[in-house]
Q: 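Take this structure, written in structure tokens, and hold onto it; I'll ask about it next.
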Protein chains: 2
Amino acid sequence: MKKSKDENTEEHILEAAKLVFQSKGMDGARMQEIADQAGINKALLHYYFRSKQMLFEAVFNNAFSLLAPQLKAILNDESTIENKIRNFTSNYISFIVKHPYIPNFIIQELNRNPDFLLKMKENPSFPNLDKFKKQLQKEIENGIINPISAEQLFINIMALNVFPFVAKPLLKAFTNTDDKAYNKLMEDREIEIANFIINAIKHT
Amino acid sequence: MKKSKDENTEEHILEAAKLVFQSKGMDGARMQEIADQAGINKALLHYYFRSKQMLFEAVFNNAFSLLAPQLKAILNDESTIENKIRNFTSNYISFIVKHPYIPNFIIQELNRNPDFLLKMKENPSFPNLDKFKKQLQKEIENGIINPISAEQLFINIMALNVFPFVAKPLLKAFTNTDDKAYNKLMEDREIEIANFIINAIKHT
DNA sequence: ATTTAGTTTAACTATTTGGTTAACAAATTT
DNA sequence: AAATTTGTTAACCAAATAGTTAAACTAAAT
């Protein structure tokens, strides 16, 4: 087996493809641009990943497998609902700072092709709400938390965490903030969101 | 001046373009597909709207001018913050049922080209938070509402309302619901969201 | 009825783009 | 070191695509 530049090249390609796909989407991305970005010939893209579709799926799966563990954390650990919420919002914000394009990329491409999810849902490591649901029900019965369905609460948590990054340009305009001020808002949200959610659901 | 089919054709084109652009995005849309959808020849698209870009902008501006009034309603009317929140969530959900593709379309295309907003912000009818901010501050001073910045509250309201429609495929998978069950969740949110937000901010 | 302005089409063009080929280069095996 | 396998490139190809052209058609105005 040869390598020398082998693994290195594959990594370069994936990194370049990630950059291009995540900023332009599947339809907007050009194989030539990815090749240029990776500093190689276009034919080499097809040597490593047969087609644009396959290269795209490699990038997409990479992105998704970074996001999934974040969700499993909140759904499957043993701490209280309140602590889960605090941990999740805190973890998620720092995750996003490292990978700012991921949420929008995933959401956009899943809207373009919802079938991606069919395969993924069969993977046993795909996040599910079962445990979260039971735990929430127990805390509601114990009077710690006001009645709310696990689905609604989960959607709310995701919405409050993810949306500000997905809709950044729009929200920047509406709140009339520049990049710096908007990032400051995002930092503040790490605590704000958690308190907001806890207030909303905690029995008083 | 002649018309006969004039306005009619232009309307047909815009309707067809809306359909194609909103489901495939600027890059994924094809002029031929829009022409077919409108039941006309491709050259006619260029006769009415010189280029793909111009046709796209017409569709985009149409979509945006449907969304903007929704926001101005909550930001500039005179009722209490609580009532504004209830009215907005109620209005927004029924708006979305009529125009399900709009939020995702706008968000996606603004991420692709944030410069769109520069022109729009100059329009005096572009929504802004000034009035909402003052009103909120007053209610906080009066002890009706717990301290929160207008920007954060606004982002939270938008997030809770818009995100479930933008991220529908992803959330459908995570909550393990089919289309029917997910739509039921969305109906329930009309009341759920409002209560959730009020609980979170109302002083007790 | 003829002119005129607006509307519509089929056919065409130039360019872009994903993908292929064939030849070359470098490393591994024998 | 000869043969084989793996990695890389330039040149090429066919399909797709945005946009153009020139001619035909329609209906109102003169």
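Each chain gets a letter, A, B and so on, in the order its sequence line appears, and its residues count up from 1.
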Q: Do we see a donor-acceptor contact under 3.5 Å between the side chains of B:Asn195 and B:Arg86?
A: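 Short answer, yes.
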
Q: Indicate whether any N or O donor in one side chain lies under 3.5 Å from an N or O acceptor in the other, for A:Asn156 and A:Gln152.
A: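 There is no such pair (donor and acceptor under 3.5 Å, judged by atom type) between the side chains of A:Asn156 and A:Gln152.
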
Q: Please report the distance, rounded to the nearest Å, between CE in B:Met54 and C1' in D:dA18.
A: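 So the two atoms are 14 Å apart, to the nearest Å.
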
Q: Does either side chain, that of B:Asn128 or that of B:Lys121, offer a donor lying less than 3.5 Å from an acceptor on the other one?
A: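 Short answer, no.
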
Q: Centroid separation under 6.0 Å, is that true for the rings of B:Phe116 and B:Phe64?
A: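 That pair fails the under 6.0 Å test.
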
Q: Between B:Lys168 and B:Asp179, is the closest basic N to carboxylate O distance under 4.0 Å?
A: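 Looking at B:Asp179 and B:Lys168, the cut-off is met.
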
Q: May I have the distance from A:Asn8 (atom CG) to C:dA27 (atom P), rounded to whole angstrom?
A: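 Spelled out: CG on A:Asn8 to P on C:dA27 is 14 Å.
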
Q: Identify whether any heavy atom of B:Ala35 sits under 4.0 Å from a base atom; if not, whether one sits that close to sugar-phosphate; answer base, sugar-phosphate or nothing.
A: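 Nothing, no heavy atom under 4.0 Å.
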
Q: Could you check which of C:dT8, D:dT9, D:dT17 has an atom nearest any side-chain atom of B:Thr9?
A: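 It is C:dT8.
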
Q: Quick one, which residues of residues 14-28 of chain B touch DNA chain D with a heavy atom under 4.0 Å?
A: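 Hits under 4.0 Å, by residue number: none.
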
Q: Figure out the CD1/C1' separation between A:Ile34 and C:dT17, and round it to whole Å.
A: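 It is 12 Å, rounded to the nearest whole Å.
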
Q: Looking just at side-chain N and O atoms, do A:Glu57 and A:Gln53 make a donor-acceptor pair shorter than 3.5 Å?
A: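 Note: A:Glu57 and A:Gln53 side chains meet the donor-acceptor criterion.
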
Q: Could you list, one pair per line, each protein nitrogen or oxygen that sits under 3.5 Å from a nitrogen or oxygen of nucleotides 19-21 of chain D, together with the distance?
A:
unit_1 : atom_1 : unit_2  : atom_2 : d
D:dG19 : OP2    : B:His46 : NE2    : 3.3
D:dG19 : OP2    : B:Lys52 : N      : 2.7
D:dG19 : N7     : B:Lys42 : NZ     : 2.8
D:dG19 : O6     : B:Lys42 : NZ     : 2.6

Q: Tell me: CD of B:Glu33 to C1' of D:dA16, nearest whole Å?
A: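 The answer, rounded to whole Å, is 14 Å.
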
Q: Choose from C:dT9, D:dT9, C:dT8 the nucleotide whose nearest atom is closest to any side-chain atom of B:Ile40.
A: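 Closest nucleotide among those given: C:dT9.
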
Q: Just how far, in rounded Å, is P of D:dT6 from CG of A:Leu44?
A: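 Taking atom P of D:dT6 as the reference, CG of A:Leu44 is at 15 Å.
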
Q: Could you go through the side chain to side chain contact (heavy atoms under 4.5 Å, CB included) check for B:Ile193 and B:Ile197 one step at a time?
A: CA-CA 6 Å; B:Ile193 296 178; B:Ile197 300 173; 3.6 Å; yes

Q: Once you round it to whole Å, what is the distance between C1' of C:dG19 and CG of A:Leu55?
A: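 Whole-Å distance recorded here is 13 Å.
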
Q: For A:Asp36 and A:Gln32, does a side-chain donor sit closer than 3.5 Å to a side-chain acceptor?
A: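 Result is yes, a qualifying pair exists.
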
Q: Would B:Tyr101 and B:Phe105 count as a close aromatic pair, with their ring centres under 6.0 Å?
A: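 Not under 6.0 Å, so no.
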
Q: Rounded to the nearest Å, what distance is computed from the CZ atom of residue A:Arg30 to the P atom of nucleotide C:dT17?
A: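 My rounded result for the distance is 5 Å.
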
Q: Using only side-chain N and O atoms of A:Tyr47, determine if any of them is under 4.0 Å from OP1 or OP2 of C:dG19.
A: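 The answer is no; no side-chain N or O of A:Tyr47 sits under 4.0 Å from OP1 or OP2.
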
Q: Using whole Å, report how far CG of A:Leu45 lies from C1' of C:dT20.
A: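 Checked: the CG to C1' distance equals 14 Å.
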
